[in-house]
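Whatever order the structure lists them in is the order used to number ligands and atoms, beginning at 1. Remember, it's a predicted structure, so these values are computed and weren't measured experimentally.
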Amino acid sequence: MHAYRASLLRFSPEGEALFDDDGLLVTAPDQDGVQRVVDAGPHREVAARHPQAAVTHWPGRILAPGFIDMHVHYPQTDIIGAPADGLLPWLERYTFPAEARFADPAHAAEVAGFFLDELQRHGVTTALTFCTSHPASVDAFFTEARRRRLRMMGGKVLQDRHSPDGVRDETGQSLIDTEALIRRWHGQGRLGYAITPRFAPTSSEAQLRGAGELAARYPSTWIHSHVAENKDEVRWARELFPQARSYLDVYQGFGLMRERAVYAHCIHFDDADRQLMRETGAAAAVSPTSNLFLGSGFFDYAGAERIGMRHGLASDVGGGTSFSPFHTMLAAYCVGREGQTKPGLSLPPSRLWWNATGGAARALGLAGVVGTLQAGTEADVVVLNPQATPLLARKTAHAQSLEELLFSLIVLGDDRVVERVLVA
Ligand SMILES: [Zn+2]
């Protein structure tokens, strides 16, 4: 049993931010050797309950839940910051050539290692990532994640049409490969498999149907795709699937909407789409830096709230411009404020933070597992330094409330704030 003394940020299971200036977090390993939170709260109270625990003291630091990235592409690490005229040209010019290289297991292993280093440097301890259409890209990713004992989800991309040589897969084989990868990796330690059709336009009906059948046969797997990111893409999907009510409805028609189904973007939606998300338990991975970078549009937070659609935050690197949850939270705030194309609102800082931790966990079907530092959850913890830069030190010294403190970190923070990361 070990205890860590510092300021402590936690969340209630419902998403209320809880803060102790002088806090104590007590952890102990479970039977699998995974460190779990035993107790957490004000130092005075918690220390009295665990007099035998050895204490590490980090004065002036903040302990907080490890961040969660609901949607990212590890094979796009090297094309972050590649300019293009919107989504579809960007895929052709940069993404598909970069992903074609992942047929080589050595290249995949090298990028997977760098990617996970980068996530940890930014305090991200759980992510749902695309791999590429090559099974070797999945093996490389999970091998590295397992070595680091991280809670990670990923899967082989399905794309059997409208894709160039080098990334296009073959319908029957792609489904055989997916099932073999589910059996190899899903539920191994902290790893989870995600059935991953790239997006409806690059999969045949037979491939989408097969993906839906696998999703029914393995109900604890994730489903991971994109929807309604860009208006040209929406138009294309509607042409290819004229029988569906909407782009989102294509996925519903193939059995690809349920709990643990995660759709990146969800921008060009109507209320019927939002209702379908709510009714099926699917979740939106909101990717604000990517949406701003590619000029895709603005996620409608008021609409999501009005209907009760599950959502959380994502970097979407390489469309996204940063692995940093601080940058993502700030971009989400700006997207929320935008009030010309949809209602604008000011998302409270503690809500933004929740969307990057416990709220993202809940949207992913991982409530009670990670993201809150509640007792019983896995102890993925970041140690933050609110004085990491001169301006941050000056600003946080004058914070009058928790919301002011969190907002200073969101606006001015980056990887320099993340002093260390404790993985389970
Ligand atoms: Zn994406």
*Asks:* So, using side chain to side chain contact (heavy atoms under 4.5 Å, CB included) as the criterion, who are the partners of Pro89 when residues are at least two apart?
*Replies:* Asp85
*Asks:* Quick one: how many protein N/O/S atoms are under 2.8 Å away from the Zn ion (ligand 1)?
*Replies:* 4
*Asks:* With sequence neighbours left out, which residue pairs that include part of residues 204-236 fulfil the ring-ring contact (aromatic ring centres under 6.0 Å, His included) condition?
*Replies:*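 Pairs touching residues 204-236 that pass the test: His71-His224, His71-His226, His73-His226, Phe130-His224, Phe130-His226, His162-Trp236, His226-His265.
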*Asks:* Identify, with sequence neighbours excluded, every residue that meets ring pair (Phe, Tyr, Trp, His ring centres under 6.0 Å) alongside His134.
*Replies:*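 Listed in chain order: nothing, the list is empty.
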*Asks:* Does Phe323 have its ring centroid less than 6.0 Å away from the ring centroid of Phe115?
*Replies:* yes
*Asks:* Give a yes-or-no answer on whether the side chains of Thr56 and His2 include a donor-acceptor pair shorter than 3.5 Å.
*Replies:* yes
*Asks:* Give me the one residue out of Thr132, Leu181, Ile182, Asp139 that meets side-chain contact (heavy atoms from CB on, under 4.5 Å) with Lys156.
*Replies:*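 Result: among Thr132, Leu181, Ile182, Asp139, Leu181 is the only option passing the side-chain contact (heavy atoms from CB on, under 4.5 Å) with Lys156.
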